[in-house]
Amino acid sequence: MSAADLSSLRGRHIVLGISGGIAAYKSAVLVRCLVKAGAEVQVIMTPAAREFITPVTLSTLSGHAVITEFFTANTGEWHSHVDLGLWADAFVVAPATACTLAKMATGVADNMLVTSYLATRAKVFVAPAMDLDMMAHPSTTANLDTLRSRGVDIIEPAEGELASHLRGRGRMEEPEAIAAALARHFAAAGSLASRHVMITAGPTRERIDPVRYIGNFSTGKMGYALAAEAARRGARVTLVSGPVSEPVPAGVDVVRVESALEMLDAATRAAAEADICIFSAAVADYRPARPLAQKAKRESADRDITSVELVKNPDIAATLGSARRPGQVMVGFALETDHEAEAATAKLARKHLDMIVLNSLRDPGAGFGTDTNKVTMYFADGRTPVATTLKSKADIAADILTQTISLT
Ligand code: CTP
């Protein structure tokens, strides 16, 4: 059997709740599996779980201190179940004992695991592990039904020899299979299969004469990273690109343009068919009113360029944002140097977008030409803004698409 594809776990925040059953020893392998696949894992143990496996093993494997109590005894530091619940992209309880399942189903929040479960908005998985008679008991069945009806995924226990030496159903699913179930969830949730994504990228050049133009420092790296990530997630991608030297990512259709007017034309055409439009181009706001057909000359009064009259370019994002079809998702960028949040949210509304990605030029490592970025995403539906740390533009692209997909 080939190893499961766990690549969708990369960068995910996973809270692993461990309750007190003999299968807790397998949780160490699960942590290892998740961390190896690139996930960040925070372990919460019930007090009983500590009888089966030591927190030291789990904190060493996860790289995070294991949480058991509401407070750290010697320092009085409070562990926020709400913060942990919100941090999680997935919340998995493995092993889930009959007792923990019952507490989850009825909301008995007397330990950190159940309290965090009640506070999380993430997808929840439970991998039950118990003796066969406990597993078959009507109260366990009823609790699992309750959890299932609330959207919890039950990773069904396997048949086999149990700790009691009896044979039957109740053995916790193998760690690799639990990791694979999480990976399948993230892969499906992050998929753009059968979606058409249009992305504008790079600068525009506005001709003054055949050899000179007005432009900007955009390198197109962020837009190209978005195109690569959208294609990797199965989308049909049309990249409307200004002049840049980035290689075109595999599986991406590129439409090359030079000026803002050409970009508007190509983007309008692509947007007619696109489900998602992302405006990452640094479009020149102005163009010369009368570009010269011949090269301007230093010593020629009728063809000098001591001054250039400018006219405003169309706003591509605003034009397509106000002409959007129902269900079409529109994402823009805002590059700001001051009053960042206000400026970004004002642009979000003005351009009729669903989400705006703020780049602050005040952040070192963010903005034009760098391979890294750090952004904050603001939403038209009023949900809490999402801020990233400084990371590669490829990882930022993944974060932007994950948020974008949540709007579709
Ligand atoms: N944008 C666009 N067409 C333009 C100008 C901007 O499509 N003519 C898009 C950008 O791709 C980006 C968003 O609008 O997604 C915001 O771009 P930005 O340059 O930050 O905003 P402007 O509207 O140009 O405002 P200002 O320069 O005054 O900050």
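Heavy atoms only: backbone and side chains are in, while hydrogens, waters and symmetry mates are out. It should be emphasised that the depicted structure is a prediction, and the values quoted were computed from it without experimental measurement. Both counts, for ligands and for their atoms, begin at 1 and track the order of listing.
- Protein residues with a heavy atom closer than 4.0 Å to ligand 1 are F279, A281, V283, D285, P314, D315, I316, A317, G332, F333, A334, L335, K347, R350, K351, listed by chain and number.
- Evaluation of the side-chain hydrogen bond (donor to acceptor under 3.5 Å, both in side chains) rule for K351 yields D315 as partners, not counting sequence neighbours.
- Side-chain atoms of T238 and R269 include no donor-acceptor pair closer than 3.5 Å.
- The residues K393 and D371 are annotated as not salt-bridged, no charged nitrogen and carboxylate oxygen being separated by less than 4.0 angstrom.
- In terms of the side-chain hydrogen bond (donor to acceptor under 3.5 Å, both in side chains) criterion, T141 has no residue partners (sequence neighbours excluded).
- Cation-pi geometry between R205 and Y213 is met: under 6.0 angstrom from the ring centre, within 45 degrees of the axis.
- By the side-chain hydrogen bond (donor to acceptor under 3.5 Å, both in side chains) test, T60 pairs with no residue at all, sequence neighbours left out.
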